[in-house]
Amino acid sequence: RICYYEVKDLPLSLVTNYLHHQHHSSYHSLYPSQSIMTINRRIFTLLAFSALATFPLVCESKAALIPSAHKHVVLPRSTLLKKSFNNGEFKKNESSGVTTRGGGGGTVTVSSEIMNLVKAIVGVGVLSLSAGVAAFGDAPGAIIPAVTLIALMGTLAGYEFSIIGRICSYTDATSYRTAWEKTVGEASSWIPAFTVTFKTFLAVLAYSMVLADTFKSLLESVGLPVSRTKSLVTVTITTLLPLCLLKNLSSLAPFSLLGIMGMLFTCAAMTVRYFGGTYAAPDGKFLSDIPENFLPKFGDLGASAVLNPKAFILLCMLSTAYICHFNAPKFYIELENNTVARFNKVVFTSFGISTVIFCIATALGFLTFGSNSSGFVLSNYSTNDTLMKISRLAVAFALIFTYPLVFVGCREGVLDLFNVQKEKRTNALLDKITFCLLTLITLAAMKVKDLSFVLAFGGATLGNALIYIFPALMFRKAIKDMGEGASDALKAEVKFTNLLGILGIVFGCIGGYMALTTIN
């Protein structure tokens, strides 16, 4: 078949850059003194006035839309001649073996995308991972397999994040739910939607728990001892509720950067305290200020202890710590010139940086407090420690301004699940939902005090589904729909993602059971 182009409004580069590959050599031999642009204009003029603006392509029934600056040009997708559009040129996609859309996307540069993704990954979960190590080991040697697991899970999580982006490139999906709808089907799309909503609920719950513990410690450090419940209720009513009732949160977006800055400062502070020996037994400077259950405690369960089933608790906590996969379509769409190669560069750089931060924070926390590492490791440090007091304040400040951004995602997810149309989401309804959800979250935070349990159980049940199980199902169906157009490499990759999906189920079942049996 032949695709015909209406050259009147067609951008010059779209036509000439393609023609340049096939015809430039011959035209340059005819006009050796002419510039490339002159030759290209000769080609364009010839096509326009000769009605030869056609590209012979081996094609199939489906057509892909290649966006131009003026209008859409319809190009048929080929099963034999597999090409993608990138920077105004049609290039063979060797990596995927299928036709994909590239060269479009948003306006976010690679460097900005990396910073945003690291910010999305590195959250409060990093300060709970030392408790995951303490779940199976109590000797310093236990940190070796723990760091190995952190690196392994970070690599797999990054790979699955990339898979979701590739699914979007194959199907033009714009969200996690639409990616499911365009692959698995619309009838069951409520499953990932519910999972994402409940996962954001647990994220907000974790934020409330951290804020309760943090403000309790901060108030105690200035001579105002209060209970954890009073601390939580006070910060919820005076700060979180007004912020969550805001209808425009754009002014809060810049504060989300403080999250990663707070985590980096906290890691630096933990490094200073570990190597300074101020928490080392028996003569550490701040040991007398710490409750007995938070004092450093070490035993003889070292590297071999990773074979204990309780190690699955750490694995599931890592599923929560690395989770941001429901935002993968957003990152893919917003990336400037969003080819799969550029997206992969963003993904693996971001997950690599995040993994390093995770390893450092986990090692410092566990090597300082051993088996008594708490679910929120900053709780282990003395309330009279000025450096760690600043760390608590930095983390709390970051969480306060990040809280409503995550809360809105949870609220919108609830409204979507109940099929509340956009036009019916009045301010009055949003306020009611906000009061109800925030009350439910606060009550849950009063009852549940072990942050590591929330992260482990949430990772076992929801994190593993969003990271490993759902992407495997979507990728399998996307490749199946390609039929004979799918390469052998893609078919082999389906088997690998299926294996990861099965492992996600196994890890989830064992990790969930272990989390329930160790709840405080």
Side-chain angles (χ1 to χ4, degrees), residues 95-96 100 113-114 116-118 120-123 125 149-171 173-180 182-184 191-193 195-196 199-200 203 312 314-333 335 338 340-355 358 455 458-480 489-508 511:
S95 60
S96 64
T100 61
E113 192 95 338
I114 290 173
N116 291 336
L117 186 50
V118 170
I121 299 170
V122 181
L149 289 177
I150 292 172
L152 175 62
M153 297 299 286
T155 302
L156 294 178
Y159 169 75
E160 293 288 1
F161 195 97
S162 171
I163 284 289
I164 299 172
R166 288 165 57 190
I167 292 171
C168 293
S169 74
Y170 301 154
T171 64
T174 57
S175 68
Y176 200 101
R177 182 169 186 169
T178 56
W180 181 280
K182 293 190 175 188
T183 52
V184 180
I191 298 176
T195 306
V196 170
K199 192 70 183 71
T200 55
F312 282 97
L314 175 61
L315 291 176
C316 292
M317 291 174 70
L318 287 169
S319 293
T320 294
Y322 282 115
I323 187 68
C324 58
H325 293 61
F326 42 80
N327 283 325
K330 174 178 175 289
F331 278 95
Y332 175 77
I333 292 170
L335 177 64
N338 59 346
V340 171
R342 284 170 59 84
F343 182 70
N344 284 341
K345 180 180 180 181
V346 169
V347 171
F348 292 110
T349 302
S350 303
F351 274 84
I353 295 172
S354 302
T355 297
F358 282 15
L455 298 180
T461 56
L462 306 175
N464 282 323
L466 291 170
I467 296 178
Y468 304 109
I469 301 172
F470 294 167
L473 295 174
M474 291 189 289
F475 189 67
R476 177 179 177 275
K477 187 61 166 58
I479 302 307
K480 181 180 179 181
L490 281 175
K491 293 176 182 178
E493 194 172 6
V494 168
K495 296 179 181 178
F496 180 66
T497 56
N498 286 343
L499 175 61
L500 292 181
I502 294 172
L503 290 177
I505 295 174
V506 174
F507 289 169

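Please read these numbers as outputs of a predicted model, since none were measured by experiment. These numbers come from the heavy atoms of this one structure, side chains and all, not from hydrogens, waters or symmetry mates.
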Engineer: Quick one, F475 with T183, criterion side-chain contact (heavy atoms from CB on, under 4.5 Å). Give me CA distance, side-chain angles, the key distance, then yes/no.
Structural biologist: CA-CA 8 Å; F475 189 67; T183 52; over 6 Å; no
Engineer: Tell me the closest heavy-atom pair linking K477 and V184, and the distance in Å.
Structural biologist: CG-N, 4.1 Å
Engineer: Could you list all the side chain to side chain donor-acceptor pair (under 3.5 Å) pairs where at least one residue sits in residues 314-323, not counting sequence neighbours?
Structural biologist: S319-N464, Y322-T355
Engineer: With a 4.5 Å limit on heavy-atom distance, are the side chains of C324 and L117 in contact?
Structural biologist: yes
Engineer: Within a radius of less than 6.0 Å around NZ of K491, do more than 12 heavy atoms belonging to other residues, nucleotides or ligands occur?
Structural biologist: yes
Engineer: I need the E493 CD to N498 CG distance, nearest 0.5 Å.
Structural biologist: 11.0 Å
Engineer: For K182, what residues pass the salt bridge (charged side-chain N to carboxylate O under 4.0 Å, His left out) criterion, not counting sequence neighbours?
Structural biologist: none
Engineer: Taking the side chain as every heavy atom from C-beta outward, state whether F161 and F343 have any pair of such atoms under 4.5 Å apart.
Structural biologist: yes
Engineer: Contact between I164 and Y176 at the side-chain level, heavy atoms closer than 4.5 Å - yes or no?
Structural biologist: yes
Engineer: For R476, is the CZ atom crowded, meaning more than 12 foreign heavy atoms sit under 6.0 Å from it?
Structural biologist: no
Engineer: What are the two closest heavy atoms between H325 and L466, and how far apart are they?
Structural biologist: CB-O, 4.1 Å
Engineer: Step by step, would you call L156 with Y468 a side-chain contact (heavy atoms from CB on, under 4.5 Å)?
Structural biologist: CA-CA 9 Å; L156 294 178; Y468 304 109; 4.1 Å; yes
Engineer: With a 4.5 Å heavy-atom cut-off, do T195 and F326 have their side chains touching?
Structural biologist: no
Engineer: For the residue pair I114 and I353, establish whether any side-chain heavy-atom pair is separated by less than 4.5 Å.
Structural biologist: yes
Engineer: Answer yes or no: is there a donor N or O on one side and an acceptor on the other, between the side chain of T200 and the main chain of V196, under 3.5 Å?
Structural biologist: yes
Engineer: Between R166 and L490, does a side-chain contact (heavy atoms from CB on, under 4.5 Å) hold up when you go through it step by step?
Structural biologist: CA-CA 11 Å; R166 288 165 57 190; L490 281 175; 3.3 Å; yes
Engineer: Which atom pair, heavy atoms only, marks the closest approach of V340 to S169?
Structural biologist: CG2-OG, 3.9 Å
Engineer: Are T155 and F348 packed together at the side-chain level, in the sense that at least one heavy-atom pair is separated by less than 4.5 angstrom?
Structural biologist: no
Engineer: Do F331 and V346 have side chains that get closer than 4.5 Å, going by heavy atoms?
Structural biologist: no
Engineer: Step by step, work out the side-chain contact (heavy atoms from CB on, under 4.5 Å) result for Y159 and T497.
Structural biologist: CA-CA 10 Å; Y159 169 75; T497 56; 3.5 Å; yes
